[in-house]
Amino acid sequence: MEYGSTTTFQEKRMMNGFYLSAQGPATFTRRHFLWLLSMSAAGAAVGCAANPVTGKSQLMLVSEEEEIQIDRQQSPFQFSADYGQILDKSLNDYVRGVGQSMATRTHRSHMPYSFRGVNATYVNAYAFPGGSIACTRGILLSLENEAELAGLLGHELGT
């Protein structure tokens with residue numbers, strides 16, 4: 001029988017894993033329940049870790065080591081796409097100094113944080129999961145003082 005054809009009152013057919021009937025909405029079978037329960041238990045057993053902020057157990061799909069590896073693989077491409085690091089050493093040292101000062105006070109102070117300005121003119125800042133943080137030239141030009149830079153970097157640090 002094809003989808004969309006007329007069905008009798010008792011007829012049921014399988015669609016997207018659920019039984020649909022002319023009597024009403026999709027039924028959730030025992031098999032579906034057991035599958036969902038087992039997948040939930042497996043996910044909870046494999047990926048639970050303590051949240052460093054709340055201290056409560058939380059599902060973590062990526063370990064910190066994997067975050068650092070992703071960062072090392074992907075951040076150079078983004079920095080390059082943003083026309084590279086700003087060549088003004090004193091500006092980069094300033095951004096790095098403010099960032100490192102704040103990083104020591106975060107809930108993940110052990111992460112290998114790095115801070116830099118990049119040459120893109122649009123207004124943005126971004127962080128990679130392993131600790132690389134960049135501020136674009138566009139956003140740095142819009143900041144009025146160190147407190148605004150600290151607020152921007154604090155946002156990227158997740159504090």
Side-chain angles (χ1 to χ4, degrees), residues 14-18 25-159:
M14 188 70 165
M15 182 178 185
N16 295 330
F18 292 96
T27 58
F28 191 68
T29 66
R30 183 177 182 190
R31 177 177 288 167
H32 293 113
F33 173 74
L34 292 174
W35 180 85
L36 183 62
L37 183 64
S38 65
M39 290 298 110
S40 298
V46 170
C48 281
N51 181 313
V53 176
T54 64
K56 294 181 180 180
S57 184
Q58 180 176 332
L59 178 64
M60 301 289 185
L61 300 176
V62 179
S63 70
E64 285 186 349
E65 293 79 24
E66 290 172 309
E67 287 181 3
I68 293 168
Q69 187 62 31
I70 291 167
D71 186 322
R72 288 183 180 150
Q73 290 173 348
Q74 300 301 319
S75 63
F77 296 110
Q78 183 61 46
F79 300 148
S80 176
D82 283 335
Y83 310 111
Q85 185 167 306
I86 293 174
L87 297 179
D88 184 341
K89 184 180 176 344
S90 62
L91 177 58
N92 270 313
D93 288 345
Y94 181 67
V95 171
R96 187 175 303 111
V98 173
Q100 291 296 346
S101 170
M102 296 182 65
T104 61
R105 296 174 177 89
T106 67
H107 60 280
R108 294 182 4 149
S109 58
H110 60 281
M111 293 294 283
Y113 290 109
S114 64
F115 302 86
R116 66 186 46 81
V118 291
N119 279 307
T121 57
Y122 61 89
V123 175
N124 195 19
Y126 51 86
F128 280 88
S132 293
I133 297 175
C135 306
T136 64
R137 179 180 295 279
I139 202 163
L140 290 172
L141 289 171
S142 71
L143 300 176
E144 300 274 332
N145 53 45
E146 187 174 309
E148 289 182 1
L149 176 60
L152 173 68
L153 295 176
H155 169 78
E156 297 304 328
L157 285 164
T159 57

### Task
With sequence neighbours left out, write down each residue that passes side chain to side chain contact (heavy atoms under 4.5 Å, CB included) with Gln85, or none if nothing qualifies.
Asn92, Arg96, Arg116

#### Entry: Any donor-acceptor pair under 3.5 Å from Asp71 side chain to Gly131 backbone
yes

### Message
Under the side chain to side chain donor-acceptor pair (under 3.5 Å) definition, can you give me all pairs with a residue in residues 97-106, not counting sequence neighbours?
### Response
Ser101-Arg105

### Task
Could you grab the distance from atom NE2 of His107 to atom CG of Leu157, nearest 0.5 Å is fine?
9.0 Å

### Message
Just so I know, are the side chains of Arg108 and Tyr113 near enough to count as touching, which here means a heavy-atom distance under 4.5 Å?
### Response
yes

### Message
For the CE atom of Met102 and the CZ atom of Phe115, what is their distance to the nearest 0.5 Å?
### Response
8.0 Å

### Query
Hey, are Ser63 and Glu66 close enough side-chain-wise for a donor-acceptor pair under 3.5 Å?
yes

### Query
Are there more than 12 heavy atoms of other residues, nucleotides or ligands under 6.0 Å from atom OH of Tyr83?
no

### Query
Any donor-acceptor pair under 3.5 Å linking the side chain of Asp82 with the backbone of Gly84?
no

### Student check: side-chain heavy atoms of Ile139 and Asn124 closer than 4.5 Å
no

### Query
Heavy-atom count around His155 NE2 within 6.0 Å, excluding the residue itself: above 12?
no

#### Entry: Which residues share a side chain to side chain contact (heavy atoms under 4.5 Å, CB included) with Ser80, sequence neighbours left out
none

### Query
Is the number of heavy atoms from other residues, nucleotides or ligands under 6.0 Å of Leu87 CG greater than 12?
no

### Message
Rounded to the nearest 0.5 Å, what separates atom OG in Ser142 from atom CG in Leu152?
### Response
8.0 Å

### Results of side-chain hydrogen bond (donor to acceptor under 3.5 Å, both in side chains) for Gln74 - residues two or more places apart only
none

### Task
Give a yes or no answer on whether the side chain of Ser132 reaches the backbone of Phe128 with a donor-acceptor pair at less than 3.5 Å.
no

### Task
Would you indicate whether the side-chain heavy atoms of Asn145 and Glu148 approach each other to under 4.5 Å?
yes

### Query
Which residues satisfy the side chain to side chain contact (heavy atoms under 4.5 Å, CB included) test with Ala127, sequence neighbours excluded?
Ile133, Glu156

### Query
Quick check: does any side chain N or O of Thr136 sit under 3.5 Å from a backbone N or O of Val118, one acting as donor and the other as acceptor?
no

### Task
Report yes if the side chains of Leu140 and Ile86 come closer than 4.5 Å at any heavy-atom pair, otherwise no.
yes

### Message
What's the separation between atom SG in Cys135 and atom CG in Leu153, rounded to the nearest 0.5 Å?
### Response
4.5 Å

### Query
salt bridge (Lys or Arg N to Asp or Glu O under 4.0 Å) with Arg72: which residues, sequence neighbours excluded?
none

### Query
More than 12 heavy atoms of other residues, nucleotides or ligands under 6.0 Å from CZ of Phe77: is that the case?
no

